[in-house]
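Right, one structure below, let's go through it.
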Amino acid sequence: MGSDIGDIVSRESVSFSDMQNRTVAIDANNTLYQFLSIIRQPDGTPLKDSGGRVTSHVSGVFYRMINLFEEGIEPVYVFDGKPPQLKSKTLDERRKIRENSKEKWKKAKARGDTEEAYSQAMRSSKLNRDMVAESKELLRLMGIPCVQAPSEAEAQAAYIVENGDCWASSSQDYDSLLFGTPILIRNLTITGRRKIPGKDRYKEIKPEKIVLEELLNKLDLNREQLVDLAILVGTDFNDGIKGIGPKTALKLIKEHSSGRKVLEVKDIEIENYSEIREIFIEPEVTDEYDINPSDIEWDGVVEFLCEERDFSEDRVVKGLDRLEKAVNELRHQTTFDSF
DNA sequence: CACCTCGA
DNA sequence: TCGAGGTGG
């Protein structure tokens, strides 16, 4: 997923108080996919309503949004548009992996290997159109603004942050930095624990912040050079060069000052090099976005979750109580501050 | 993922 | 009171 430059990106952990009263542009498809793959039964079966429709993503959106509001964070969801043509190979590969994992999941489940079943089920998850539409509907009912990107959501989110309309963008991938987001937040989760697959241990997951300018200063690169570096290592739009990881790529870029020069000296060719660079440096984005929250349709949320998706009314009402309190406090503070 | 329960 | 483990849909 995305480009593999994590090794050279210095992260600092960020507390929720640092994010209070701030707007965050969330990479919607990335987040929904995360929910879909993680919110499962121990054997890998996703949550489903009585009609057999998967509801893991819906559950994830509902609870995560309440928690963010309670932390004083205003979310904006940014959805992917049409993927660039150059991504089709990556998307094809992902589809093959999913199909393969689906088989492995069935087999593991059949022989009672729960651990393996869960991990294969995660890999086999596919976010489909209906799931995206359902999530948008719930977000709309919860008053959360949704932005439709013309192409890559991370590019649009970066643009929104650059324009000063959001404080930071949030995604698990580092690509947002290549698209130029001034601030990237990773692991925007509350319960900071994730099971290590195959082991009986848990890993602490904490939100982390990456400031693009600080990163570039530290690496002593400009943004174009960072993009060049990522392309050498590999992105969603090209395979990396064998034997070149982020550290070697960093050294090479510094030595030769540009990716093109590195390719020239090393006599390597990367197909569609200019086009890939352009995707990151001049991404396709739109100015037609609205990040203003709308009124929460309380009854609509209950109807959507309880009547249509079999959520327990108890839980939903409890959640909405928390949401109401959190939103009142957040909006009250905002009004207070503006005087 | 986040919530809830139950046992130490 | 806390945290591991089960459940939600």
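Order of the sequence lines sets the chain letters (A, B, ...), proteins ahead of strands, with each chain counted from 1. A quick note: this is a predicted structure, and the numbers were derived from the prediction, not measured.
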*Tell me: CG of A:Leu47 to P of C:dG6, nearest whole Å?*
16 Å
*May I ask you to list the residues of residues 50-69 of chain A, by number, that have any heavy atom positioned under 4.0 Å from an atom of DNA chain B?*
A:Tyr63, A:Arg64, A:Asn67
_Whole angstrom value for the distance that separates C1' of C:dG8 from CZ of A:Phe35_ = 15 Å
*Kindly state which residues belonging to residues 307-327 of chain A come within less than 4.0 angstrom of DNA chain C, counting heavy atoms of the residue only, listed by number.*
A:Arg309, A:Asp310, A:Phe311, A:Ser312, A:Arg315
_Please report the distance, rounded to the nearest Å, between CD in A:Glu71 and P in B:dA2._
10 Å
*Please report, rounded to the nearest Å, how far the P atom of B:dC1 is from the CD atom of A:Gln41.*
16 Å
_Distance in angstrom units between A:Ile205 CD1 and B:dA2 P, rounded_ = 11 Å
*Got a sec, which residues hit salt bridge (charged side-chain N to carboxylate O under 4.0 Å, His left out) with A:Arg309, two or more places apart in sequence or on another chain?*
A:Glu134
*Is there any salt bridge (Lys or Arg N to Asp or Glu O under 4.0 Å) pair reaching into residues 36-56 of chain A, and which pairs are they, with sequence neighbours excluded?*
A:Asp49-A:Arg53
*Could you list the residues that satisfy salt bridge (charged side-chain N to carboxylate O under 4.0 Å, His left out) with A:Asp236, not counting sequence neighbours?*
A:Lys87, A:Arg94
*Whole Å only: how far is the CG atom of A:Asp43 from the P atom of C:dT7?*
12 Å
*Partner residues of A:Phe237 under the ring-ring contact (aromatic ring centres under 6.0 Å, His included) criterion, sequence neighbours left out*: A:Phe280
_With side chain to side chain contact (heavy atoms under 4.5 Å, CB included) as the criterion, how do A:Asp228 and A:Leu232 come out once you've worked through the C-alpha distance, each side chain's angles and the decisive distance to 0.1 Å?_
CA-CA 6 Å; A:Asp228 284 357; A:Leu232 293 178; 5.8 Å; no
*Please collect all salt bridge (Lys or Arg N to Asp or Glu O under 4.0 Å) contacts where either partner lies in residues 298-308 of chain A, sequence neighbours excluded, each pair once.*
none
*Across the strands shown, which category fits A:Ile190 at heavy-atom distances under 4.0 angstrom: base, sugar-phosphate, nothing?*
sugar-phosphate
*Grab the CZ-P distance between A:Arg186 and B:dC1 for me, whole Å please.*
13 Å
*How close or far is atom P of C:dG6 from atom CZ of A:Arg40, stated in whole angstroms?*
19 Å
*Can we say A:Glu99 and A:Arg95 salt-bridge, meaning some charged N sits less than 4.0 Å from an Asp/Glu carboxylate O?*
yes
*With sequence neighbours left out, which residue pairs that include part of residues 28-70 of chain A fulfil the ring pair (Phe, Tyr, Trp, His ring centres under 6.0 Å) condition?*
none
*Quick one: which residue pairs count as a salt bridge (Lys or Arg N to Asp or Glu O under 4.0 Å) with a foot in residues 137-149 of chain A, not counting sequence neighbours?*
A:Glu137-A:Arg140, A:Arg140-A:Glu297
